[in-house]
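Report on the structure given below.
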Amino acid sequence: MSAPTPTPRKAFDRLTLPERNFVADALRTETVGGVLLLLAAVAALVWANIPALHDSYESVSHWHVGPASLGLNLSVAHWAADGLLAVFFFVAGIELKRELVAGDLRDPKAAALPVAAALCGMIAPALVYTLTSGAEGGSLAGWAVPTATDIAFALAVLAVIGTSLPSALRAFLLTLAVVDDLFAILIIAVFFTDGLNFAALGGAVAGLVVFWLLLRRRVRGWYVYVPLAVVIWGLMYNSGVHATIAGVAMGLMLRCHREEGEEQSPGERIEHRVRPLSAGLAVPLFALFSAGVAVSGDALAKVFTQPETLGVVLGLVVGKTLGVFGGTWLTSRFTRASLSDDLEWADVFAVATLAGIGFTVSLLIGELAFEDDAAMTDSVKAAVLAGSLIATALATVLLKIRNARYRRLADEEERDEDQDGVPDVYEQDDPAYHLRMAEILEKKAAEHRRLAREKAAARDALAQVPGGAGDRHDGPA
């Protein structure tokens, strides 16, 4: 007897119910954060471009505060970028840990698709920037700017243009962003670290070891971890390594698998508490003090004429879309993964355009890449905004075109005819579900039979009445 042929894996196939519920909860939080991020970006642009308010924006952004003796006398904008974003990267570290131990990334076969898509989605924009800027004699320092995707911004766009995207495609976008964040962290750590202070770095590493030991010993209490985290962050900042790396490292140390008797792992519990702080405060404040660039006809013209800024725009719009789509297609082409029967490649391409929405990390990398050139920094920020806006418009058009298909898939995923709180698509292998449906359908059939008898009796009675329907003559007069 021959061995059964293994069923090919389906890319973007329906999620399991627990994973679907987790993704739904995560997307709701990210979407709210994305809306706040959009509002903060608009507020920054208004504040910086109204002549009467422009000086106050510059004054607040460059106002310094903090202990100079500890090397932490930083501007408000600097605190937002290095301090508040550490909270954002802390949450990103927890998300990555969860994906590695309990999500799609724990299975190398399942992880291949988002990892390949994210990797190609970073290589392609970097190549597009390098070719565009290098061909015109521009600086290559900004090659990493268009490589990052802003998941909160992308999901806010989804919230505006429709919520019928199938859960599998939403989960792919979420997992892609987690992997994308990992590669962005590595880029920041490797390419934007110089002049290391080994004493401070050693202190930061020692602090991380203490953090890890406390977690291992099940020590609890925010009053222990928060002060320690601040010390680790300060040492990391003074070491020359970007301070946000401290947040990632601490996030990765949290346990994200559940033990017996636990409703939530420590990582899930802390992420649930810290995510609102990240999405509702840290990231919007960073956007408020980073997105305030002067927008004028000349400034917008320069975005499409300067080699560096044109490279950023094309990297986000063209490089990201082709990279994510190409990585997904190549993985499907050369592995056993195949596209779900419910989807077409046009659906994947439409979602890939969302990856071109770069904001938070792109703005941060732009500041790091051109920190000695304030004018170019502002131009690159304007390019990030322009590229993200173009990607948003393109994604909106493509997703609207595919919306009818998405709505049908979403309706199928949500249908609960037996009203037990679990969508029917997840109960097809449960005999109890089919027995419940048989009982429901039998009741409906009995009701229809009763109605049929009543209508037939009423019709017969009407036919017996003189002058009724049975006595009517419909012929010509």
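Side-chain atoms are counted along with the backbone in the values below, which use heavy atoms only and exclude waters and symmetry mates.
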Which residues satisfy the salt bridge (charged side-chain N to carboxylate O under 4.0 Å, His left out) test with K381, sequence neighbours excluded?
-> E367

Looking at V101 and C256, what are the two nearest heavy atoms and their distance?
-> CG2-CB, 3.8 Å

Counterpart residues, salt bridge (charged side-chain N to carboxylate O under 4.0 Å, His left out), relative to K443 (two or more places apart) | E439

Distance col, row H434:NE2 vs L441:CG, nearest 0.5 angstrom, shows 11.5 Å

Give the minimum heavy-atom separation between L176 and A355, together with the two atoms involved.
-> CD2-CB, 4.4 Å

Would you give the length of the straight line joining atom CH2 of W79 to atom CZ of F286, rounded to the nearest 0.5 angstrom?
-> 15.5 Å

Which residue pairs satisfy the side-chain hydrogen bond (donor to acceptor under 3.5 Å, both in side chains) criterion with at least one member in residues 247-257, sequence neighbours excluded?
-> R255-E262

S332 and W345: side-chain contact (heavy atoms from CB on, under 4.5 Å), yes or no, with the steps?
-> CA-CA 11 Å; S332 177; W345 283 109; 3.8 Å; yes

Residue pair L214 / L228: nearest heavy atoms and the distance that separates them = CD1-CD2, 3.9 Å

Check: residues 309-324 side-chain donor-acceptor pairs under 3.5 Å, at least two apart:
from	atom 1	to	atom 2	distance (Å)
T309	OG1	K302	O	3.1
T309	OG1	V303	O	2.9
T309	OG1	Q306	O	3.2
K320	NZ	G121	O	3.1
K320	NZ	T147	O	2.8
K320	NZ	T149	OG1	3.2
K320	NZ	D180	OD2	2.7
T321	OG1	V317	O	2.8

Taken in chain and number order and not counting sequence neighbours, the residues that satisfy side-chain hydrogen bond (donor to acceptor under 3.5 Å, both in side chains) with E442 are none

Note: A86 and A243 closest approach over all heavy atoms is CB-O, 4.4 Å

Could you tell me whether the side chain of W233 and the main chain of D82 form a donor-acceptor pair under 3.5 Å?
-> yes

Verdict with reasoning, L364 to H242, per side-chain contact (heavy atoms from CB on, under 4.5 Å) | CA-CA 11 Å; L364 175 62; H242 200 271; 3.8 Å; yes

Could you give the distance from CG (L394) to CG (L389), rounded to the nearest 0.5 Å?
-> 11.5 Å

Hey, does the side chain of Y225 reach the backbone of V219 with a donor-acceptor pair shorter than 3.5 angstrom?
-> yes

Please round to the nearest 0.5 Å and tell me the distance separating atom CG of L85 and atom CG of L285.
-> 10.0 Å

Does any non-hydrogen side-chain atom of L399 lie less than 4.5 Å from one of L354?
-> yes

Take F89 and S278 through the side-chain contact (heavy atoms from CB on, under 4.5 Å) test and state the conclusion after the steps.
-> CA-CA 9 Å; F89 278 103; S278 170; over 6 Å; no

Answer yes or no: is there a donor N or O on one side and an acceptor on the other, between the side chain of T360 and the main chain of D150, under 3.5 Å?
-> no

Counterpart residues, side-chain hydrogen bond (donor to acceptor under 3.5 Å, both in side chains), relative to S362 (two or more places apart) = none

With sequence neighbours excluded, what pairs up with S265 under the side-chain hydrogen bond (donor to acceptor under 3.5 Å, both in side chains) test?
-> E268

What residues form a salt bridge (charged side-chain N to carboxylate O under 4.0 Å, His left out) with E454, not counting sequence neighbours?
-> R450

Contacts of R269 that satisfy side-chain hydrogen bond (donor to acceptor under 3.5 Å, both in side chains) - sequence neighbours left out = none

For N49 and V293, work out which heavy atoms get closest and say how close.
-> ND2-O, 3.0 Å

Flag side-chain contact, heavy atom, 4.5 Å: F88 against T244 | no

Please name all residues satisfying side-chain contact (heavy atoms from CB on, under 4.5 Å) with L252, sequence neighbours left out, ordered by chain then number.
-> L96, K97, V248

Inter-residue atom distance K455.NZ - D460.CG, 0.5 Å rounding = 13.5 Å

How many angstroms lie between CH2 in W212 and CE in M253, if you round to the nearest 0.5 Å?
-> 8.5 Å

Let me have the donor-acceptor pairs involving side chains of residues 32-46, under 3.5 Å, with sequence neighbours excluded, atom names and distances please.
none

Kindly say whether A48 contributes a backbone atom to a donor-acceptor pair with the side chain of H54 at under 3.5 angstrom?
-> yes

Would you check if the side chain of S56 reaches a backbone N or O of L53 as a donor-acceptor pair within less than 3.5 Å?
-> yes

Trace of the side-chain contact (heavy atoms from CB on, under 4.5 Å) decision for Y57 with I50 | CA-CA 10 Å; Y57 181 82; I50 294 178; over 6 Å; no

Hey, are the side chains of V128 and P146 touching, using non-hydrogen atoms and a 4.5 Å cut-off?
-> no

Sorted by chain and number, sequence neighbours left out, side-chain contact (heavy atoms from CB on, under 4.5 Å) with L119 holds for I123, F183

Check: A350 main-chain N/O paired with T353 side-chain donor or acceptor under 3.5 Å = yes

Y129 and W143: aromatic ring centres closer than 6.0 Å?
-> no

